[in-house]
There are 2 protein chains.
Amino acid sequence: MTDTPQAAAVPWTHDFGADPALPDAVNLSPMKSDLPSATVERLPRYLRCIERLPESQLTISSRELARLSNLTAAGVRRDISYLGTFGIRGVGYQVTELNDQIRHALGLTADRPVAVVGIGNLGSALANYTGFGNRGFRIVGLYDAAPTKIGTYLGGVEVRDISRLPDDARTTHISVGIIATPAGAAQQVATMLVEAGVRSILNFAPTVLRVPDDIHLRQVDLATELQILGYYMT
Amino acid sequence: MTDTPQAAAVPWTHDFGADPALPDAVNLSPMKSDLPSATVERLPRYLRCIERLPESQLTISSRELARLSNLTAAGVRRDISYLGTFGIRGVGYQVTELNDQIRHALGLTADRPVAVVGIGNLGSALANYTGFGNRGFRIVGLYDAAPTKIGTYLGGVEVRDISRLPDDARTTHISVGIIATPAGAAQQVATMLVEAGVRSILNFAPTVLRVPDDIHLRQVDLATELQILGYYMT
DNA sequence: TAGATTGTTAATCGATTAACAATC
DNA sequence: TAGATTGTTAATCGATTAACAATC
């Protein structure tokens, strides 16, 4: 038999019906298959660098952007070339246009309602995060299970009981669900989000989640980052 | 002239002397160049999956581990093969041995003192993170600049004034510095950590840091994750 | 013009996948 | 033995880098 993942009985696994073919590493089926995934992962970094340039700087060369972003000039040019050909030979890229093109490519012009589940220290940090505004993301819901937290406000948004989420999702569309619960609750929350129609999930809980193949899932994990860092130490 | 990054005058750039050749994407010069970097990044995930297996499960096949980790069986086998050949044909891998081998490969047996700088919501979440213990990482220092926070305790560790960090680092070795400050303070903190002899930095502040080439730097950024997720949405 | 920098082609590199002999 | 699964070879795929003609 050839290597093909399929269902098997494991206690902690939540089963989403068929669960057919193998999803890729981060579970992101590239529906919009324009840009190479490596490029997509670097665009936000370019954006960060561009935003910090002094207002007086009107153009930037691939070389300078490479230096600022800790990448290579050839790589920068290739990445940008996927967005179109708007560089000026002998000069570089116009900062405003580059900014616009990257934001357009990433779809940051859209309005993406975000819900955060789990309002502990981490969830509070996320709720207070100010970098959303001009980046297309907007927190529309905060959820927790603890009665002491329900009814409190963070960044102008009320913390609601997690049991309200399905109903809320029916009236307010939720583009992204951020999971900031303890590990033990994460899978349950993920399942609830998926069932509520949320198609993209960002998981901060230290556990591997299982979601259907058509759900976009990204994982941010402190232990994983430290372990990777640890490998390269001394 | 060929593409080679070099110094240039940009206001927000902190200059670390020579700053010679181009560092790679994540600034991890693979001193220990045994494992492919892609494999290193997946090992923690396998670990997560293995840890959740029921005690009664003594072996696991590449197929099952692939399903649990959302990867492919062939990929799992290749990754594990870099650690040695200890699988049992027709059976799979012994769970305890696999666990040991991965932990050994990642160097999780070492004791790695960690300092967290910036004890806001995020820093507090990190300070309370329980997943350190059995993974070789141990918080030995918490630092902040706000007088109201200094002297308080989190997880049994006192929050100290950031100005103490250089002295503390002289007496207590710090393997990893975690930056959880606002973006505006991050570069300054990074510089301070580097000057205090910290060689590995995990940055949660939403800003691109510049550090010398020989410093291991990883970046965790909410906005970046959301932007990547956003790209793949509809 | 002379100098600089893009956009892209070709070469290289590394990672993934398929497939199967070895072997439990 | 018969069935299952590893470990690895070879093929494929995708990403990076070098280099340079085009051109501002």
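These figures come from a predicted structure and were not determined experimentally. The chains referred to below are lettered A, B, ... by the order of the sequence lines, with proteins before strands, and numbering in each begins at 1.
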*Any chance the side chains of A/Tyr46 and A/Asp79 put a donor and an acceptor closer than 3.5 Å?*
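Present: a donor and an acceptor within the cut-off.
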_Between A/Glu64 and A/Gln57, is there a side-chain donor-acceptor contact under 3.5 Å, judged purely by atom types and distance?_
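On atom types as modelled, these side chains qualify, holding a pair under 3.5 Å.
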*asked:* Check this one for me: any side-chain N or O of A/Ser62 less than 4.0 Å away from OP1 or OP2 of C/dT6?
replied: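 Indeed, a polar side-chain atom of A/Ser62 lies that close.
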*asked:* Taking 4.0 Å as the cut-off, does a side-chain nitrogen or oxygen of B/Arg77 come that near to OP1 or OP2 on D/dG7?
replied: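 So the side-chain polar atoms of B/Arg77 never come under 4.0 Å of the phosphate oxygens OP1 or OP2 of D/dG7.
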Rounded to the Å, how far apart are [X] [atom1] and [N] [atom2]?
X	N	atom1	atom2	value
A/Leu71	D/dA15	CG	P	15 Å
A/Glu41	C/dA15	CD	P	15 Å
A/Leu83	C/dG7	CG	P	10 Å
B/Arg42	C/dA15	CZ	P	9 Å
B/Phe86	D/dT6	CZ	P	11 Å
A/Arg63	D/dA19	CZ	P	15 Å
B/Asp79	D/dT8	CG	C1'	14 Å
A/Ile80	D/dT16	CD1	P	14 Å

Indicate yes or no: at least one non-hydrogen side-chain atom of [X] is less than 4.5 angstrom from one of [Y].
X	Y	value
A/Ser69	B/Val208	no
B/Val198	B/Val176	no
A/Ile215	A/Ser200	no
B/Leu126	B/Phe204	yes

Sequence neighbours left out, what passes side-chain contact (heavy atoms from CB on, under 4.5 Å) with [X]? Give chain and number order.
X	answer
B/Ala169	B/Ile174, B/Ala196
A/Asn99	A/Leu47, A/Ile50, A/Arg103
B/Arg138	B/Asp111, B/Pro113, B/Val140
B/Ala186	B/Ile179, B/Thr181, B/Asn203, B/Ala205, B/Thr207, B/Leu209

_Judged by each residue's nearest nucleotide on DNA chain D, which is more toward the 5′ side, A/Ile88 or A/Gly75?_
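Its nucleotide being nearer the 5' end, the pick is A/Gly75.
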Candidates [options] - which lies nearest the side chain of [X]:
X	options	result
A/Thr85	C/dT16, C/dT5, C/dT8	C/dT8
B/Thr72	C/dT17, C/dT6, C/dT8	C/dT17
A/Arg78	D/dA15, C/dT16, D/dT17	D/dT17
A/Pro36	C/dC24, D/dA15, D/dT17	D/dA15

*Tell me, which of residues 90-101 of chain B have any heavy atom that sits under 4.0 Å from an atom in DNA chain D?*
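Heavy-atom cutoff 4.0 Å gives B/Gly90, B/Val91, B/Gly92, B/Tyr93.
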*Heavy atoms under 4.0 Å, any strand shown: does A/Tyr82 hit a base, just sugar-phosphate, or nothing?*
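Nothing, no heavy atom under 4.0 Å.
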_Any base atoms under 4.0 Å from B/Ser37, or only sugar-phosphate, or nothing? Heavy atoms, all strands._
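B/Ser37: backbone/sugar contact only, no base atoms under 4.0 Å.
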_Canonical and wobble pairing (Watson-Crick, G-U, under 3.5 Å) of DNA chain C, dot-bracket with |_ = ..||||||||||||||||||||||
*Does a distance-only test, which skips hydrogens and angles, find a donor-acceptor pair under 3.5 Å between the side chain of A/Arg89 and the base of D/dT23?*
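Donor-acceptor pair under 3.5 Å: no.
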